[in-house]
Amino acid sequence: RYRKFPLFSSVANCIETITTAMPVFLIGPLFGVKALGVYFLVFRVFTAPTGVLNQAISKVMTGEFSTAIKTDKDILPIFLKVSVILMLVGALYFLALHYLSYSCPVLFGPKWIDAGLVLHILAPVIALMLVVSPLSSLFLLLNRNGTDLGGQFFYSVFTVATIYFYRHTAFTNMLSHLVFVWICFY
């Protein structure tokens, strides 16, 4: 039954990792080193806390969900409870990022003044990543690895297409459209 489990999940994780790094590879050549530096700084600094939290929650929820699945319990109540808690935390983090975006010159120095605008644009998707990422392990437990793989494939294609299609516009314009695409896929 689980013969293809590692294959699908490994490919989906690989595509997700490549897609998350894809803007770093494309922004520099298409929008310049300054845009790349600002994007990378903001994305890495403000997704670091969510990454730690996501890992911890994901491990606990994987155990909770797998126990419920093994005992044939309904996982919907657990899913809804965790989703609501994560949405509240995500909303608070979004508000914190929104207000921090006005303080970026103070946090990073005057040379990084553009970081505030980039953080303002990225804030919704960073907060949404906090909500969605820990629950993505549910695909693995419900043996929906093909669905996860397909979703990651289209996420990757649309990410690259958006960056490339908006390459002749301002960096912030492209980033706004990219965030919209990411929100749709999350």
Side-chain angles (χ1 to χ4, degrees), residues 12-13 15-24 26-27 31 34-65 75-141 148 151-152 154-156 158-159 162-163 171-186:
N13 287 337
I15 290 173
E16 181 183 13
T17 302
I18 290 169
T19 304
T20 303
M22 193 59 63
V24 174
L26 295 176
I27 289 172
F31 296 96
K34 182 179 178 188
L36 174 62
V38 171
Y39 169 82
F40 193 69
L41 171 76
V42 169
F43 192 79
R44 293 303 272 174
V45 166
F46 294 104
T47 58
T50 63
V52 171
L53 191 59
N54 285 344
Q55 288 294 326
I57 293 170
S58 181
K59 288 181 192 238
V60 171
M61 293 320 307
T62 299
E64 290 286 324
F65 285 135
I75 63 170
L76 185 61
I78 300 169
F79 176 80
L80 292 175
K81 179 182 173 185
V82 172
S83 296
V84 168
I85 292 169
L86 288 174
M87 281 187 232
L88 290 172
V89 172
L92 291 174
Y93 194 56
F94 170 74
L95 291 173
L97 292 176
H98 177 72
Y99 289 112
L100 278 173
S101 69
Y102 298 109
S103 305
C104 279
V106 175
L107 292 172
F108 301 124
K111 290 185 179 182
W112 295 96
I113 196 158
D114 294 337
L117 179 59
V118 171
L119 178 57
H120 190 76
I121 294 169
L122 288 174
V125 80
I126 291 172
L128 193 57
M129 287 168 70
L130 174 66
V131 175
V132 175
S133 290
L135 298 173
S136 63
S137 61
L138 198 54
F139 278 123
L140 301 174
L141 296 172
D148 189 26
Q152 292 300 335
F154 286 110
Y155 169 66
S156 179
F158 276 86
T159 296
T162 302
I163 294 171
F171 170 67
T172 54
N173 184 36
M174 180 280 300
L175 194 58
S176 297
H177 286 89
L178 185 61
V179 165
F180 176 76
V181 167
W182 285 349
I183 287 172
C184 289
F185 275 96
Y186 277 120

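- Phe158 CZ: 12 or fewer foreign heavy atoms inside a 6.0 Å radius.
- Between the side chain of Ser156 and the backbone N or O of Gln152, no donor-acceptor pair lies under 3.5 Å.
- Put simply, CG on Leu86 and CD1 on Ile57 are 5.0 Å apart, with the number rounded to the nearest 0.5 Å.
- The nearest pair of heavy atoms linking Gly116 to Cys104 is N-CB, 3.5 Å.
- Nearest approach of Leu130 to Asn54, heavy atoms of both residues: O-OD1, 3.3 Å.
- The heavy-atom pair separating Phe40 from Val24 by the smallest distance is CD1-CG2, 3.6 Å.
- Other residues, nucleotides and ligands place no more than 12 heavy atoms under 6.0 Å from the CD1 atom of Ile113.
- Considering all non-hydrogen atoms of both residues, Phe94 and Ala127 come closest at CB-CB, 3.7 Å.
- Between Val118 and Phe171 there is a side-chain heavy-atom pair separated by less than 4.5 Å.
- A distance of 11.0 Å separates CG of Leu92 from CG of Leu97, quoted to the nearest 0.5 Å.
- If you take CG on Leu119 and CD1 on Ile121, they are separated by 9.5 Å, rounding to the nearest 0.5 Å.
- Closest heavy-atom contact between Ala35 and Ile27: C-CG2, 3.8 Å.
- Counting only heavy atoms from C-beta outward, the side chains of Phe185 and Thr159 never approach each other to under 4.5 Å.
- Side-chain contact between Tyr39 and Leu122 is present, with at least one heavy-atom pair separated by less than 4.5 Å.
- Looking only at side-chain heavy atoms (C-beta outward), Asn173 and His177 come within less than 4.5 Å of each other.
- Side chains of Ile163 and Phe31 form a contact here, defined as non-hydrogen atoms less than 4.5 Å apart.
- Between Phe43 and Pro23 the shortest side-chain heavy-atom distance does not fall below 4.5 Å.
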